[in-house]
A.B. asks: 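One structure, as structure tokens, below. Some questions next.
Keep in mind that this is a model prediction, so the values were computed, not measured. Naming: A, B, ... by sequence-line order, numbering from 1 per chain.
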Amino acid sequence: MSLSGVRTYARLRAMNAKYDPQTIEARWQAHWADNGTFNVVDDPNRPKYYCLEMFPYPSGRIHMGHVRNYTIGDVLARFHRMRGFNVLHPMGWDAFGLPAENTAIEKGIHPAKWTKDNITSMRGQLKRIGLSYDWTREIATCDPSYYRWNQWIFLKMYERGLAYKKRSPVNWCESCETVLANEQVIDNRCWRCESEVFPKELDQWFFKITAYAEELLSSCDTLTGWPQRVLVMQRHWIGKSEGVEVDFRVIDGPPELQSIRIFTTRPDTIFGATFMSVAPESPVVDLLIKGKNEEQAVRDFVSRVSRQDRTTRTDAGAEKEGLFTGCYAKNPVTGDAIPIWVANFVLYEYGTGAIMAVPAHDQRDFEFARQYKLSIRLVIQNPSGTLDPENLDAAYTEENGFLVNSDQFSGLSAKDGKARIAQWIEEKQHGTQTIHYRLRDWGVSRQRYWGTPIPIIICPTCGLVPVPEHALPVILPSDVPFTGKGGSPLKDIADFAHTTCPGCGNQATRESDTMDTFVDSSWYFLRYTSPHHTDLPVEPAASRRWMAVDQYIGGIEHAVLHLLYARFFTKVLRDLGLTTVSEPFENLLTQGMVCKETYHCPKHGFVLPTDVTDTQQCTHCDSAVVVGRIEKMSKSKKNVVDPEELITRYGVDTARLFSLFAAPPEKDLEWRDDGVEGAARFLNRVWRLVAEYAETIKTVDRNPTQDSADAMHHTSRDLRREVHHRIRKVTQDIEREFQFNTAISAIMELVNVLYTFGFPITDEIKNDEKTLQIMKESLDALVMLLSPFAPHIAEEMWDALGNDSHVLHSSWPQYDPALLQEALLTIIVQVNGKTRGKVEDIPPDWTEEQIVDKVREEPKMSSWLQGKTTHKVIYVEKRLVNFVV
RNA sequence: GCGAGAGUGGCGGAAUAGGCAGACGCGCAAGAUUUAGGAUCUUGUGGGGAACCGUGAGGGUUCGAGUCCCUCCUCUCGCACCA
């Protein structure tokens with residue numbers, strides 16, 4: 001359907017003198033929609049370019065952050081299209097999630113209706129931004145044709161042991177009688193009723209992302225197109241650490257507990273292990289204390305600690321607390337009996353849930369030992385030997401010392417000691433070398449309605465039974481009461497919950513939890529390659545053609561979870577044979593936030609800019625308003641700019657241009673109304689320039705012939721050089737670093753240049769074919785360079801300049817390197833490195849001597865050089881001469 | 001505390017590979033046009049009378065440093081008892 005040259009609208013007879021964005025934008029948007037201009041078809045003759053912006057949650061309205069994000073993507077998509085790429089640029093909706101359900105509870109609107117209406121209005125808003133999406137590929141994750149594949153993937157993972165069920169705590173609000181998502185817990189209190197939130201154990205589903213931990217970590221090295229800081233966060237989240245697991249024999253424990261296994265990354269310090277600490281949740285605690293005097297005290301301690309929420313407990317500043325269990329273990333290397341403690345700072349989920357405590361060389365153990373008067377044994381001495389074992393004021397945690405008090409290992413460097421002791425532990429069968437990850441398996445169960453039903457049937461006889469593939473999708477029932485009470489809403493829907501077991505045919509119940517919405521967004525980029533495929537989530541051939549995403553663009557807030565899950569799913573789907581790539585996103589651009597000044601009234605809090613007088617007073621109370629910090633746009637701070645109002649006022653080309661010009665994409669953007677005015681002014685300026693010449697040059701052939709180039713007088717040559725210089729600059733800025741702000745400044749420079757070189761349209765000029773050709777070349781180039789940023793005005797001007805087809809089907813302009821050569825050089829003159837002047841109009845073929853002599857003779861240089869001995873002359877080719885005197 | 005990034009005019013921000021600091025825009029000022037305003041166009045706009053001084057502070061390398069090296073300060077963002 002994408003046909004160049006087809007016009008749904010007659011060509012303009014002449015450009016209006018006045019730039020009217022509303023009319024122009026409506027016209028071109030309708031044209032693009034009517035002609036399916038951006039619908040992508042396979043084309044083996046062109047290289048592919050898959051450009052993707054993170055799809056939005058359909059909250060109802062587009063905000064400035066979306067505008068910025070999608071405009072960046074659109075510039076890249078349009079640029080690459082003009083560069084000859086076959087561009088895939090899709091859009092869709094991350095349509096499941098909590099806000100829809102909250103609206104249902106509060107206002108009684110069904111999540112499906114609310115979501116659908118929001119999508120409709122947001123789609124309209126996006127179309128109004130002129131984004132070059134292939135809307136035939138639109139997906140919504142709440143659509144059964146999408147989420148059935150979530151279920152399909154879930155079952156495949158279940159088959160492979162990558163999906164499993166285990167008991168795990170959720171946030172439970174007693175008064176609302178409901179499970180809360182992490183974001184609904186604020187300071188350990190329920191967001192709705194503010195009562196305290198407690199952990200509650202439920203059987204829940206997990207994805208075994210840890211099975212891919214090593215690959216997720218190691219392939220970070222292949223992601224050369226990702227920002228360093230995102231990779232740092234990913235690596236840290238995975239948190240690989242290499243160490244040793246060691247068994248410590250329990251001396252006076254019960255027969256079921258022969259030993260306790262610990263994990264340490266510092267086997268070189270094992271001779272300094274003077275006690276052990278166990279996590280309060282660890283099942284060994286029960287065994288250790290049974291029948292001991294300490295039993296009751298420890299039980300009280302454990303129940304108190306385990307009621308604390310994780311964030312306060314794992315805060316580094318939190319007080320270290322513990323209790324002796326009454327049991328001792330044997331340090332396997334020293335043979336000493338060391339006490340076993342329960343300590344709040346030991347995490348059950350990490351490592352083995354128990355540690356050997358080396359107070360001399362671990363700061364936490366040190367503080368703990370000091371607090372409870374436990375013995376401290378120095379086993380690593382610093383290189384200068386100044387540590388006094390009797391008088392440590394902190395743990396010595398450096399790894400550049402040498403071993404002491406460590407029998408046959410004493411004297412070794414810590415580094416060697418680490419390896420040798422680890423080896424020795426293995427030989428003596430006290431333990432094994434192991435790798436641990438901080439990364440935990442991904443809990444995907446949500447006790448929510450508005451999500452993908454988990455396709456599992458719970459049968460009293462057969463246990464967990466997967467829904468057979470042919471029975472997919474398990475449709476989310478629509479007739480559900482939204483009370484905000486209880487656990488999973490689906491549990492109480494008889495039609496849904498009651499079913500028969502596919503195995504034995506007896507009565508069974510369906511799993512009533514739904515999936516985390518991160519599941520939806522973990523593979524949507526694959527679905528876009530074949531969005532209507534009905535046999536599989538992804539058509540393997542389509543995925544082979546389009547994957548990986550060449551450029552992914554979105555907010556830094558997704559640096560860890562979404563991107564990690566997407567990487568994980570890609571690897572799983574690769575192993576299922578659905579894609580050949582191991583990494584979904586070749587290049588990642590994380591754009592900054594959109595910020596704006598805030599106004600704060602002492603009585604009314606944050607106030608709107610319209611509530612502030614010229615004299616900085618609040619219109620409600622006359623108090624002096626404080627111009628606050630520049631902060632991320634948010635309703636609560638009353639510093640939002642509504643894209644729709646902005647577009648109505650200035651047109652979307654202006655909005656796009658400003659959001660790209662005000663800051664480089666990865667940095668925060670400070671929204672300024674007068675900056676928007678500037679962008680609008682610029683587009684008007686371009687419009688007037690083109691309007692002035694359009695009529696005269698629209699019949700002129702663009703490319704100056706060699707003949708005309710030879711005959712060119714100097715000003716024309718200079719003009720062409722200026723134009724080609726800007727073509728290069730804009731191209732490089734977009735291509736290399738996404739420097740859209742500097743690319744736009746170069747276009748502004750070009751406009752300034754064209755105004756400077758501009759000439760009145762006289763009869764003489766009208767007959768000067770060569771000059772007109774150069775003007776035509778210049779204006780065409782200007783319009784093409786501008787088109788990815790401000791596509792509507794560019795199309796309109798392209799048309800007015802008499803070009804066939806559309807600017808978006810034109811080829812991106814090429815610069816001619818020969819034209820970039822300066823006709824005459826300007827040489828900077830320095831004396832002792834300080835710039836003292838410049839000499840202009842030097843022919844480019846002059847030798848170093850000629851130039852230096854010429855510079856020396858300059859009258860204005862004499863005052864700097866007279867009466868001084870020149871020690872040295874430094875000449876930088878074609879740029880600079882520096883006299884060292 | 002650890003890790004990453006950043007400090008440049010009144011403001012947003014530019015400065016290949018160490019070579020004219022402040023591109024481009026905003027704002028401001030003057031002028032032109034206009035009955036006036038707006039819009040537009042032109043010119044100017046780092047500081048200082050000047051010589052000169054200027055890229056967070058101090059030192060270093062270099063003929064020459066916003067850029068490279070060392071020390072420090074400030075801010076932003078991540079992570080934060082992970083054994």
Side-chain angles (χ1 to χ4, degrees), chain A residues 18 227-233 235-237 239-241 243-245 262-266 269 273 277 279 311 313-320 343-347 349-358 361-365 367-368 397 436-440 556-557 559-560 592-593 630 657-658 661-664 666-679 681-682 684-685 688 729 732-733 736 739 741-752 755 826-838 871-877 879-885:
Chain A
K18 198 161 154 33
Q228 268 308 314
R229 59 186 190 133
V230 174
L231 292 174
V232 166
M233 283 190 249
R235 289 194 185 100
H236 180 261
W237 192 261
K240 178 179 183 173
S241 64
V244 186
E245 282 186 0
I262 60 98
F263 175 69
T264 180
T265 54
R266 294 292 305 273
T269 65
S277 302
T311 29
R313 210 181 122 190
T314 57
D315 179 10
E319 196 195 342
K320 290 177 183 41
N344 66 340
F345 67 90
V346 179
L347 305 174
E349 318 84 73
Y350 187 79
T352 58
I355 59 167
M356 67 173 194
V358 185
H361 306 290
D362 181 288
Q363 189 56 30
R364 296 155 298 177
D365 296 342
E367 287 166 27
F368 197 81
T397 55
H436 276 283
Y437 298 92
R438 210 183 75 110
L439 181 68
R440 307 260 55 93
I556 188 75
E557 65 273 19
V560 180
M593 299 181 297
I630 292 163
L657 197 75
F658 175 71
F661 178 66
E666 70 281 1
K667 282 189 65 171
D668 286 351
L669 182 156
E670 184 193 335
W671 194 268
R672 288 180 61 98
D673 295 336
D674 50 15
V676 180
E677 294 274 358
R681 199 178 305 161
F682 169 71
N684 271 294
R685 196 167 142 83
R688 285 194 308 272
K729 173 77 175 150
Q732 288 182 347
D733 283 352
R736 277 213 298 248
Q739 296 271 342
N741 55 334
T742 52
I744 292 168
S745 5
I747 298 172
M748 288 172 169
E749 283 175 350
L750 178 57
V751 171
N752 292 344
Y755 267 90
T826 300
I827 301 289
I828 310 299
V829 184
Q830 297 184 335
V831 177
N832 289 341
K834 290 206 195 309
T835 303
R836 296 304 183 190
K838 54 185 170 184
H871 299 297
K872 204 169 160 189
V873 178
I874 287 156
Y875 173 68
V876 179
E877 200 178 331
R879 302 184 83 155
L880 164 145
V881 176
N882 185 14
F883 295 96
V884 184
V885 299

A.B. asks: Could you work out the separation of C24(B) and G46(B) based on their P atoms and round it to a whole Å?
C.D. replies: 12 Å
A.B. asks: Using whole Å, report how far CD of Gln363(A) lies from C1' of G1(B).
C.D. replies: 10 Å
A.B. asks: Looking only at atom P, what distance separates G19(B) and A65(B), rounded to whole Å?
C.D. replies: 11 Å
A.B. asks: Using atom P of each nucleotide, how far apart are C53(B) and G66(B) to the nearest Å?
C.D. replies: 13 Å
A.B. asks: Base, sugar-phosphate or nothing for Asp674(A)? Non-hydrogen atoms, less than 4.0 Å.
C.D. replies: sugar-phosphate
A.B. asks: Where each residue is assigned the nucleotide of RNA chain B containing its nearest heavy atom, which of Asn752(A) and Asn882(A) is assigned the position nearer the 5′ end?
C.D. replies: Asn752(A)
A.B. asks: What is the separation between atom CE on Met593(A) and atom C1' on C77(B), rounded to the nearest whole Å?
C.D. replies: 9 Å
A.B. asks: Is any side-chain nitrogen or oxygen of Arg688(A) closer than 4.0 Å to OP1 or OP2 of C41(B)?
C.D. replies: yes
A.B. asks: Less than 6.0 Å separating the ring centroids of Phe345(A) and Phe368(A)?
C.D. replies: yes
A.B. asks: Give the rounded distance in Å between these two atoms: CG of Leu347(A) and C1' of A83(B).
C.D. replies: 9 Å
A.B. asks: OP1 or OP2 of C82(B) sitting under 4.0 Å from any side-chain N/O of Arg364(A)?
C.D. replies: yes
A.B. asks: Between NE2 of His436(A) and CZ of Phe263(A), what distance do you get to the nearest 0.5 Å?
C.D. replies: 4.5 Å
A.B. asks: In whole Å, I'd like the distance from the CZ atom of Phe682(A) to the C1' atom of C26(B).
C.D. replies: 15 Å
A.B. asks: Specify the separation, in whole Å, of atom CD1 of Ile355(A) and atom P of C82(B).
C.D. replies: 9 Å
A.B. asks: Treating primed atoms plus P, OP1 and OP2 as sugar-phosphate and everything else as base, which nucleotides of nucleotides 6-18 of chain B get B, S or - for protein heavy atoms under 4.0 Å?
C.D. replies: -----SBSS----
A.B. asks: With respect to the side chain of Tyr755(A), which nucleotide from G25(B), C41(B), A80(B) is positioned closest?
C.D. replies: C41(B)
A.B. asks: Would you say the side chain of Arg266(A) and the base of A83(B) hold a donor-acceptor pair, judged only by whether the two atoms sit under 3.5 Å apart?
C.D. replies: no
A.B. asks: What distance, rounded to whole Å, do you find between the two P atoms, one in C68(B) and one in G18(B)?
C.D. replies: 8 Å
A.B. asks: Reckon Arg681(A) has a side-chain N or O less than 4.0 Å from the OP1 or OP2 of G27(B)?
C.D. replies: yes
A.B. asks: Should we count CZ of Arg438(A) as having more than 12 external heavy atoms under 6.0 Å?
C.D. replies: yes
A.B. asks: In whole angstrom, give the distance that lies between atom OH of Tyr350(A) and atom P of C82(B).
C.D. replies: 9 Å
A.B. asks: What is the distance, rounded to the nearest whole Å, between atom CD of Glu349(A) and atom P of A83(B)?
C.D. replies: 13 Å
A.B. asks: Between U55(B) and G5(B), how far apart are the two P atoms, rounded to whole Å?
C.D. replies: 23 Å
A.B. asks: Compare the minimum distances between each of C24(B), C81(B), G27(B) and the side chain of Ser745(A), then state the nucleotide with the smallest one.
C.D. replies: C24(B)
A.B. asks: Sticking with atom P, work out how far G54(B) lies from G9(B), rounded to a whole angstrom.
C.D. replies: 14 Å
A.B. asks: In Å, rounded to the nearest 0.5 Å, how long is the span from CZ of Arg736(A) to OG1 of Thr742(A)?
C.D. replies: 9.5 Å
A.B. asks: For the pair made of CD1 in Ile262(A) and P in A83(B), what is the distance, rounded to whole Å?
C.D. replies: 12 Å
A.B. asks: Measuring only the C1' atom in each nucleotide, how far is A4(B) from A51(B)? A whole number of Å is fine.
C.D. replies: 45 Å
A.B. asks: OP1 or OP2 of A83(B) less than 4.0 angstrom from a side-chain nitrogen or oxygen of Ser241(A), does that happen here?
C.D. replies: yes
A.B. asks: Among the nucleotides C82(B), C24(B), A83(B), which one has an atom lying closest to any side-chain atom of Glu749(A)?
C.D. replies: C24(B)
A.B. asks: Answer syn or anti for G9(B), where the cut-off is 90° from 0 on the glycosidic torsion.
C.D. replies: syn
A.B. asks: Counting heavy atoms from C-beta on, name the nucleotide in G78(B), C79(B), C41(B) closest to the side chain of Arg685(A).
C.D. replies: C41(B)
A.B. asks: Would you sketch RNA chain B in dot-bracket for me? Only Watson-Crick or G-U wobble pairs with both distances under 3.5 Å count, crossing pairs as [ ], other-strand pairs as |, the rest as dots.
C.D. replies: (((((((..(((......[....)))((((((.......))))))((....))..(((((..]....))))))))))))....
A.B. asks: I'd like the C1' distance from U76(B) over to U71(B), given in whole Å.
C.D. replies: 22 Å
